[in-house]
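Down below is the structure, laid out as structure tokens.
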Amino acid sequence: SQSTPADESSSAAAATSAAASAAASEAAPASSAAAAAMPAPFDAPPVKVALVQNSGAGDYFQQWTNGAKQQAATIGMELQVYDAQADNAKQATDMETAIGSGVSAIIVDHGQADTMCPLIVKATDAGIKVTVYDIEITECAPAAVETAQSDADLATLVLTQMATDIGQSVPVGYVNVLGIAPLDRRDVVWQQFVKDNKWEQLFFVGKFTNAVATDNAQLVDAALKANPTVKAIFAPYDELTKGTVSAIEQNNMQKDVSAYGIDISNADIEVMTKADSPWKATATTDPNAIGAGVVRAMALEMAGQLDTKEVVFPGVLVTQQFLVDNKITNMDELRAAMPELNLTNEVSADWIPPVTF
Amino acid sequence: MSDQKAQAATGGREMALRFQDGLVKYGFIVVTILLFVYFSATEETFRNPNTLFSMLKFTSVVAIAGLGITFTMVVGGLDLSVGAVAGLSVTLSAMTMVFYNQQGGVAIVVVLLAGALVGLFNAFLIVILKIPDLLATLGTMFIVMGLKLVPVSGQSVSSGMTLRDGSIAPGKFTSDFLLIDRANVGPVPFPVIVVLILTILTWFFLTRTKWGRMMYAIGANPEASRLAGVRVRFYHGLAYVICGVFASIGGLILSSRIGQGDISAGSSLLLDAVAVALVGTSVLGLGRPNAWGTALGALLIGIVITGLTIKGFPYYAQDIAKGVVLLVALIFSFTLSRRKTRYVSAT
Amino acid sequence: MSDQKAQAATGGREMALRFQDGLVKYGFIVVTILLFVYFSATEETFRNPNTLFSMLKFTSVVAIAGLGITFTMVVGGLDLSVGAVAGLSVTLSAMTMVFYNQQGGVAIVVVLLAGALVGLFNAFLIVILKIPDLLATLGTMFIVMGLKLVPVSGQSVSSGMTLRDGSIAPGKFTSDFLLIDRANVGPVPFPVIVVLILTILTWFFLTRTKWGRMMYAIGANPEASRLAGVRVRFYHGLAYVICGVFASIGGLILSSRIGQGDISAGSSLLLDAVAVALVGTSVLGLGRPNAWGTALGALLIGIVITGLTIKGFPYYAQDIAKGVVLLVALIFSFTLSRRKTRYVSAT
Amino acid sequence: MTSQATIVMRDITMSFGANMVLRGVNLEINPAHVTALLGANGAGKSTLIKILSGVYTGNGGVIEIDGEPQTIDSPMTARRIGLQTVHQRIDDGVIPGLSIAENLLFEQIAQNEIGRVASLRSLLPKAREVADALHLDWSDSYLRKDVFEIGVADKQLLILARALARRPRLLILDEPTSALSQSEVDRLFSVINELRASGIPVLYVSHRLGEIDTLADRLVVLRDGQIRGEQDRPFDWTAALKDMLGEQTVVELESFEERHGTTTVLDLKGVQLFTRSAPFDLEIRSGEVTGVIGLLGSGKSELARGIFGADSFVGGTMTLAGAKYAPAGPSEAIRNDVYLVPEDRAQESMLPGWSIARTASLPFLKMIASRSVLNFGKEHALGIDLINEFSVVADGDEQEVDSLSGGNQQKVIVGRWLHGTPRVLLLDEPFRGVDIGARRDISRKTREVAGSGVGVVVLTSDIDEVLEVADRIIVLVDGEVRMDTYSSQTNRDQIVVRMSEVA
Ligand SMILES: Nc1ncnc2c1ncn2[C@@H]1O[C@H](COP(=O)(O)OP(=O)(O)OP(=O)(O)O)[C@@H](O)[C@H]1O
Ligand SMILES: Nc1ncnc2c1ncn2[C@@H]1O[C@H](COP(=O)(O)OP(=O)(O)OP(=O)(O)O)[C@@H](O)[C@H]1O
Ligand SMILES: [Mg+2]
Ligand SMILES: [Mg+2]
């Protein structure tokens, strides 16, 4: 599976949203009753919109989708979901099916620019409004709206923390897989920090498989045995970080080596907060909120109220300290403690009821 | 086998038996049609011809790989390396155009050659080194999967990427190459045409030419074929070369569809292609691998998956569906069929 | 068969032949040892006993699944659903402990039962519905892969997750369950112990007991076994049940290692396990599936992969290595071996 | 019939789908009798036996043993009742991958008559006991061998020993000698005589009338699924054959006038069959039938397969009609018009599920194809031809060969080669498991072909067969030619002597 893992910050269950969206769909007619406030085309629900996903598998995408569905329900938007199961070729054909199926707008969630761009253009040319998430299409498909979470932002947040924790010119390790867009973007920031802080990178391992955590644990384990002197390891994707952490524990090096990751989930919180866990800090966004945000962007675009073609959702830094101090054990508590995760103020409008998770 | 004798022995109720045979012969096609009607009736999107064509287009790659596998099943083997070969084709075509800035035509030639080469390697392992088909191709699969990543150091090849030496990749996917997947003949997508042509060719080769006949002979009893003057090693090997070429054709379509050297491409292909070819053996109650069966099998699985997607089932419903379809097909050809099914084993 | 007569006929150079046989019998083990020595010599890290043990630990799951497959290969089949079953076990154990807040013990029981159940389903398809092993288990694989995701609506299960009804999942992975993977007996990780025990059990069962002999018998000559009054269907089915249980044991270790209901777990297991079992058939030149061979096969692949990793090869070098190891093993048992290898086919 | 019959079968019927094979068989097997069961190929002998041994549960009839009716619904029950069967196909008796010892004890293990847990070593003594039943003195190291590695003969002996291990109430033997050498046959017969002496009945199926003559007390003839004749000693063979073949009167062995070929078509120089055997020269002449006779293991098949290029000789060269001839494989041999009908019909000639026409056309696809595209019309014609020429009993050229009876299968795979243009035609054991009628048909055809100027070689281990068909007789012992003469210049006894001479 090549689902851009960097985004799989697995967080709260789809369940919340499922429940809520039930509630919301009851709310939908109500909102359309207040249709006076609703701009076209939402004054005449349901508005059919296709959601063409590169992958719906796994926690991240489940929640992304549910966030999207929940927000969509509040404004009478009906999502037809196509799921390519991380198969770029299938996503291409899904996109064609979507274009052919006569929807008025299409949301494209992840995918390869080379693969999707021509089809996105085909769609926009056909007068279909398109909003994409996490595909770089600004040059090739200027007519479409591009949304993304800022990987550079996330990486900077956590690496700044790491720098303050371990200081300059210390031996460090790096666990990452290049060739996957968001991981590459995080890599750029990493290279910069290594230079600026004169860190000595002792090893660079990492592989992307169907079982990232387990398989990378094996790699890092070997790497640690070969380089027992490292002080900190950066693994910019929580599956990689989990692998790293368990490798550190395999070698009982929790005291000497700390790990820094990106993304967070219930499981991650458990790992970060357990006794002398090496995982010191992570940076993340909430996929539910992102999904909802993308739908809002789509809605505004369809209503002609979106003034930009590029929307970036900010991330937040979550430290081990913060979690422990606030006795946070799962995502819901984290959201409670960090309302900014809900992104309610990003691309919003008064006729779009905000959703929280 | 002998159980089946016993079964036969209990026979006698001619009517029932004739009905059973009918079921074996047409049951499968009936199921396909019913499903199609059901989905069309319930989902307006499904009725839409675009949907139909993009469905056919979507299954084209699986169908072509399946046809390749059909050849190897005919000689009594099974090629597990088709997925890897398709993946290799994607990477190779991308490299040829992006790294070496070549025309699409060149890429096509390179890819087809590579496919044939892998086929030859399989043939070598199987007919010269006498390694059973299933095991040999499993080994090849691993090796090809790994080797293809070496020249690109494990990265997807996309135009404008930075090369090892820090320079920017000179080339890009040529527009003509991209047409392989994106061109239409009238309303019909080009890949669908390709499937049709390859199916007809395969059908003709296997049933109407002496080469096909000899391949079936090898599958039925290699030693007897040898003693009847069939050049067993040659035809056994040939089947794998053909399979390799077919797999790489599938890869070309994938590559043109994805528009970049996606390293993950083809990874999901193997099991689907095998499933399709197996389903194919039971279509029409032939009980042996055959071209039209495979094509129909691909169509059926396409219908089921597209139908479920449009009906909004989650992705994992598709796996369940695949499994069920496969088992239903197998029940038709093995449980109900009274004649011994002649898909000969793989090792 | 006749080739082999011929081969034998051409004989005479007794020395050479004896050497060849030696190669077939011990060549494989020699290769393993040489590799081990090489890596230990060149990589100080590799010498470190921890490395050895964590290596054994990482191969334990593959080894156990491989042992399961060995049973099915002995009866002349091959179980393609082991990976799916392992994945199912991970999800199930997580559900039992996290959703239903049960003890680890309960989870273990549930998982083992599920494994046996899938095995029974395979047995049903194969011995009752008479679907060839390979095809039946392929279907089961798809179905299990899909079904396991239904109750968790496609999500990994982790403690503290919110359930459909909005409440927080009550339970968590119990510490005793986590010990399955993390406990050590002396310096030896518990999973390694498990592998050792299962290998010995399998070896004893297959070579020393009536049941094992019957299994080899129906694998080698089902008709003869039937005529001798062997309950072929029973033993054939039994092999699949055992295989299912073994796969679920592997799943338990995975689950305890990952510490959450990772839906992707086990997906990479199938091909590795098959490879290991196949390599196993050729170890010791036995030319038939056997317990120690499988265990050794797992060890060998473990050595190669760990060695390459420590030597800093990229991950895709591992696939190549796997393929090469597999082919070398196969060359030993098929190309060089003068006796016909009796790994009976799967369909 | 004596009243105290041990086994009585009444109105046994059995049909495979539409094909009714047994139509009410009534048979009594008396104690201390060897009852011979005769019948043409496809008469239903094996089927009847499979019903007695619980392989098939017949669709009708009763089986009584010592007066009380028995339902034999599985091989297990048959064995428990004490009915021991040696089936026709050797491959249905042995299990490759297990040692000889384990094979000898296989049934006992399967039936829990031996501890469920046992190492191979602990099995050896018991295994030796079983082997002793047939006076086989096999060493422990041999008993440890994988059955796969031993010869056909030893396999047959193993199966027989196993059947004798526990004194059965009835011993059933279905063509047990087709793979045995004379000495081995004698050993088997002496054991059978012991059994008879101790009151145990034997049901014996064979196509070799000679054997039945020496062994049987009674003979029953099966035809069209019914018992058509019963005789006690002394047997009236012409009557028996009439019962057996019915209206199809036996082609009387017309004492053919011996032909002497003049031109050498195939010339073997310094050919060596086994590493242990010495090289020899041999000329195959066209226009005559050369009969090669020898015990099992004498190297007949090696000789035939070597000439055909299926295997390579240990050493030696060949010239075909003056030209150097060294076939790399059968395909090359066939291109040179050298054909072989191999020894093992099922393994080496038949293709599961293939029709008569397809089977017939396989070696000569060129003939029915234009530019490699098959012409089904021609293929059909080919099939029909074959059926008529050899009077094959079949529904048509589309019938699957597997569903024919042994004799007719043999006709098909012999006949198909005559569509080519043979210069040398090799037939290895062409009469094995073939009834007398089919045997006469095939040998007549063979002589016709030779008459048309083809070098025909018939390899067999049966003297009657060789005398019946061959002009010239070559005796092979341990891979060496011990006698090469025309049949008019020798006689049965001389041949027997030469055959059993040891180097
Ligand atoms: N399993 C089966 N399915 C269908 N037909 C069968 C089967 N077994 C036997 N027959 C048919 O039943 C008839 C009797 O077969 P059987 O083997 O009993 O003959 P036989 O007397 O043993 O001949 P032979 O002397 O060649 O062994 C033949 O016509 C054969 O084609
Ligand atoms: N594949 C084999 N494996 C082991 N032994 C074999 C094999 N084939 C034949 N043999 C044995 O080798 C010896 C020579 O075989 P071959 O068939 O040539 O004997 P033959 O003279 O042809 O006698 P027949 O034709 O009656 O079997 C025989 O003892 C035979 O049992
Ligand atoms: Mg018979
Ligand atoms: Mg022979």
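Letters A, B, ... mirror the listed sequences (proteins, then strands); counts begin at 1.
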So what's closer than 4.5 Å to chain A heavy atoms on [X]: side chain, backbone, both or neither?
X	value
B:Leu269	neither
B:Thr309	both
B:Gln318	side chain
B:Thr45	side chain
B:Ile258	both

* So, does A:Gln63 use its side chain to make a donor-acceptor pair with the main chain of A:Pro287 at under 3.5 Å? -> no
* Asked: Got a sec: does the CD of A:Gln191 have more than 12 other heavy atoms crowding it under 6.0 Å?
  -> yes
* Between A:Val52 and A:Ala98, which heavy-atom pair has the shortest distance, and what is it? -> CG2-CB, 3.9 Å
* Structure fact -> Scanning both residues in full, the closest heavy-atom pair of B:Leu52 with B:Phe36 reads CD1-CE1, 3.8 Å
* To do: Would you mind telling me which of A:Leu178, A:Thr97, A:Asp87 has the largest number of heavy-atom pairs within less than 4.5 Å of chain B?
  => A:Thr97
* Asked: Cation-pi between B:Lys311 and B:Phe39: NZ/CZ under 6.0 Å from ring centre and within 45° of the ring axis?
  -> no
